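Structure record follows, encoded as structure tokens.
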There are 4 protein chains.
Amino acid sequence: MIVKLDLQADIPIYTQLVNQIIEGIASGQLQPGEALPSVRSLASDIGINLHTVNKAYTHLKQEGFIQIHRQKGVVIEPDAMPVVTESYLVKLHEQLKPIVAEAICRGMQKEELLQTIGTLYQSIKGL
Amino acid sequence: MIVKLDLQADIPIYTQLVNQIIEGIASGQLQPGEALPSVRSLASDIGINLHTVNKAYTHLKQEGFIQIHRQKGVVIEPDAMPVVTESYLVKLHEQLKPIVAEAICRGMQKEELLQTIGTLYQSIKGL
Amino acid sequence: MIVKLDLQADIPIYTQLVNQIIEGIASGQLQPGEALPSVRSLASDIGINLHTVNKAYTHLKQEGFIQIHRQKGVVIEPDAMPVVTESYLVKLHEQLKPIVAEAICRGMQKEELLQTIGTLYQSIKGL
Amino acid sequence: MIVKLDLQADIPIYTQLVNQIIEGIASGQLQPGEALPSVRSLASDIGINLHTVNKAYTHLKQEGFIQIHRQKGVVIEPDAMPVVTESYLVKLHEQLKPIVAEAICRGMQKEELLQTIGTLYQSIKGL
DNA sequence: GTGGTCTAGACCACA
DNA sequence: GTGGTCTAGACCACT
């Protein structure tokens, strides 16, 4: 998988990396059980510090998307991906609320917004 | 309008304030042309720093949601709200992408996600 | 509160710090709502790196024992301490199992063990 | 005896193996004088590295739970199991302290904790 | 002045 | 060779 980072963006690099990997899983480019590069090799590949990669991996582990085997490396969670929990839905609402509110302010119709998101959903999943 | 801030969230306070005001506009609680409290009074009302309110107002002005007049105070943009521009759509995509990707990873179906967002859209607009 | 760390022990420093703070809360030396030292001041006080303190604080935050206010500092969780959940009981069992097993191997009677722990419980709480 | 290892836990594999064997002794599944599998056979049985098993056995020997004879193999200490020494009690206290402290923070009553441990004691011994 | 992030370089336990 | 930990020093956003 190709990782694209914007080192100038105001989004932390480790967050961008987390997002990229989640998108990779969503699109099927990263399959459950598949190995991820070691912190060192990925860090040198994309030209960032190994601690930054480490922070991203640790975050993904805590969220349940990957497993970190102490001395063997990192793999995509092979068994059960995280599911839709109550607390996730709360988080999802909080994330979406300001985005939807701004769309409303800009006069975006409900169908327009839903279609945009539907298209996005397909384009991610369909890779 | 009542402003609710979470001082311990990892979202900057000024961003929360910006979001609250945008939601207020989206819900119709804040009407175009309506006056907003002065920086000082709002700051003391919700118990935060002057600079924080100032930063939020400045941000909203740059986005085109409010007007700031030296002596007359702050009003919701009375004429033309920002609209759906090309650059806005790009930003919208970037914001939504990681959210949608995580929803896919967690096994959320497209219809499920769209319905969640549709409901959210109505609940904001319908206030 | 006085913090005692063993820099030579095989327990990570940040873990020792986490434990010390939890013991401080358990003993009542640290009261809910009370402020903790800033990462920098605590780090220099006990002569360790600020990142190590940061890691300890972040861990305590994730466990729900403290709140980290972005620019204001760190306080003991003022509202609701973490409670006894199902997953906590599982973790507790896993932690205790090898300890109890060794005690059995060494011929420690059940009453002997329980009394030791009961005394320990009191000595922590009674500070 | 069946050995259960969690390769993704943050507890070293050799430590898990040590714990399992101690629990086996505590439960009576492993009797004093009983032979343990050779390093090689155990390693291949549970699919881990030779060195890992070796490290676990060496650790158990140092603690006095097993004897290692060059050609004859490994046996559970037939004569005198380790007993409750002063230094063991110190170690026990250090291990239990953070666990008990967290239980107190979570509002666990003394009786509740003691009963949990009492039950655990029986369940290990009663196997 | 606060915590958040990133970089750089080092040592260690583990396998 | 792997991840885990610690140190050191720097810049930034926020208040």
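Reminder, nothing fancy here: chain letters follow the sequence lines and each chain counts from 1. For the numbers below, each heavy atom of this structure counts, side chains included, while hydrogens, waters and symmetry mates do not. Predicted, not measured: the structure shown is a model, and the values here were computed from it.
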What does the B/S/- profile of nucleotides 3-10 of chain E look like, 5' to 3', with a 4.0 Å heavy-atom cutoff to protein? BBBBBBB-
Across all chains, not counting sequence neighbours, the side-chain hydrogen bond (donor to acceptor under 3.5 Å, both in side chains) partners of B/Ser38 are B/Ser41
Symbol by symbol from the 5' end, with Watson-Crick or G-U pairs under 3.5 Å, [ ] crossing and | another strand, DNA chain E is ||||||||||||||.
Between the side chains of D/Lys4 and D/Glu23, is the shortest nitrogen-to-carboxylate-oxygen separation below 4.0 Å, so that they form an ion pair? no
Non-neighbouring partners of D/Asp6 that pass side-chain contact (heavy atoms from CB on, under 4.5 Å), sequence neighbours left out: D/Gln8, D/Ala9, D/Gln16
Between E/dT2 (C1') and C/Ile66 (CD1): distance, integer Å: 14 Å
Tell me every residue that passes salt bridge (charged side-chain N to carboxylate O under 4.0 Å, His left out) with C/Lys55, counting only those two or more places apart in sequence or in another chain. none
Starting at atom CG of D/Leu17, determine the distance to atom C1' of E/dA15, rounded to an integer number of angstrom. 14 Å
Mind checking what makes side-chain hydrogen bond (donor to acceptor under 3.5 Å, both in side chains) contact with A/Lys72, not counting sequence neighbours? none
Partners of A/Ser44 by side-chain contact (heavy atoms from CB on, under 4.5 Å), sequence neighbours excluded? none
Quick one: side-chain hydrogen bond (donor to acceptor under 3.5 Å, both in side chains) partners of B/Gln62, sequence neighbours excluded? none
Using atom CG of A/Leu42 as one end and atom C1' of F/dT2 as the other, report the distance to the nearest whole Å. 14 Å
Sequence-distant partners of B/Lys91, side-chain hydrogen bond (donor to acceptor under 3.5 Å, both in side chains), two or more places apart: A/Glu102
Interatomic distance, A/Gln8 CD vs F/dC12 P [rounded to whole Å]: 12 Å
